[in-house]
Amino acid sequence: TTLLLCRVEDRRGISNLWCARSADGVSGWQVDAEPALLPDPQNHPEEAWGVEDARIVWLEELQRYAITYTAYSPTGPAVSLVLTADFRNYERVGVVIPPEDKDAALLPRRFGGRWLMIHRPRTGLGSDIWLTESPDLIHWGRHRLLLAARRGA
């Protein structure tokens, strides 16, 4: 089965994520009857304006999928993480990189005992691509520039 995690915006402009599935990845797409991931501003205020921009990776070591996504709120975009084994039940890890940051993608295995994630903090000079690492998918640090954005027109 091919699964797409699609961003859907409700009539208020709040984004949420829905699963669409196809047996062959080309035709017969079925959208789940309920959203996969709704914003939860009561418990996760960083999601007040929605959840979007999901990127999925299979973590063999954990036998689960990790989904990095952008959580939006008045404080700006933040990188959040959720884990799932079946795209029906979800374990929110929460914000792993605070605002203003987005476009994160987790690599599928550890390197030197650490998880690695690329992400794109927003700065006044552009949106460079950075690399960060974690021992446990919760605590992230050792941020370093991976690829600088081209300057100029």
Is the side chain of [X] donor-acceptor paired with the backbone N or O of [Y] at a distance under 3.5 Å, no angle test?
X: E47; Y: D40; answer: yes
X: D101; Y: A78; answer: no
X: R92; Y: Y90; answer: no
X: D128; Y: A149; answer: yes
X: S22; Y: S27; answer: yes

Between D10 and R12 (salt bridge meaning N to carboxylate O under 4.0 Å), is one present in this structure?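 Yes, charged N to carboxylate O under 4.0 Å.
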With a 4.5 Å cut-off on side-chain heavy-atom distances among I, L, V, M, F, W and Y, is there a chain of contacts connecting [X] to [Y]?
X: Y69; Y: Y72; result: no
X: V82; Y: V51; result: yes
X: L5; Y: V57; result: no
X: W58; Y: L62; result: no
X: I56; Y: L17; result: yes

Take H44 and S80, measure what side-chain contact (heavy atoms from CB on, under 4.5 Å) needs, and give me the verdict at the end. CA-CA 10 Å; H44 297 274; S80 287; over 6 Å; no
What do you reckon, is CD of E61 surrounded by more than 12 foreign heavy atoms closer than 6.0 Å?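 Yes, because the 6.0 Å sphere around CD of E61 holds more than 12 heavy atoms from other groups.
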Assess whether atom CD of E100 is packed by more than 12 heavy atoms of other residues, nucleotides or ligands within 6.0 Å.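 Atom CD in E100 is packed in, count exceeds 12.
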Determine, stepwise, if the pair L106 / L137 fulfils side-chain contact (heavy atoms from CB on, under 4.5 Å). CA-CA 9 Å; L106 182 64; L137 296 175; 3.9 Å; yes
Show your working on side-chain contact (heavy atoms from CB on, under 4.5 Å) between W115 and L59 and close with a plain yes or no. CA-CA 10 Å; W115 298 102; L59 304 179; 3.6 Å; yes
Just say parallel, tilted or perpendicular for the rings of F87 and Y65, cut-offs at 30° and 60°.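 Geometry flag for Y65 against F87: tilted rings.
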Taking all atoms of both residues into account, what is the closest heavy-atom pair of [X] and [Y], and its distance?
X: A20; Y: W29; value: O-CZ3, 3.5 Å
X: L37; Y: N16; value: O-CB, 3.4 Å
X: S73; Y: T75; value: OG-OG1, 2.7 Å
X: P39; Y: I14; value: CG-CG2, 3.6 Å
X: R7; Y: S15; value: NE-OG, 2.8 Å
X: P77; Y: T70; value: CB-CG2, 3.7 Å

Measure the [atom1]-[atom2] distance between [X] and [Y] for me, rounded to the nearest 0.5 Å.
X: L131; Y: H119; atom1: CG; atom2: NE2; result: 7.0 Å
X: R142; Y: R114; atom1: CZ; atom2: CZ; result: 5.5 Å
X: Q63; Y: L83; atom1: CD; atom2: CG; result: 13.0 Å

Please evaluate residues L146 and W130 with respect to the criterion side-chain contact (heavy atoms from CB on, under 4.5 Å), reporting the C-alpha separation (whole Å), side-chain torsions for both, the decisive distance (0.1 Å), and the verdict. CA-CA 5 Å; L146 185 62; W130 286 66; 5.7 Å; no
R109 charged N/C atom sitting above F111 aromatic ring, 6.0 Å / 45°: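 Verdict for F111: a cation-pi partner in R109.
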Side-chain donor-acceptor pair present, H143, T132, cut-off under 3.5 Å: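 Distance-only check passes for H143 and T132.
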Verify side chain to side chain donor-acceptor pair (under 3.5 Å) between R21 and T1, making sure each step is shown before the conclusion. CA-CA 7 Å; R21 304 164 199 266; T1 299; over 6 Å; no
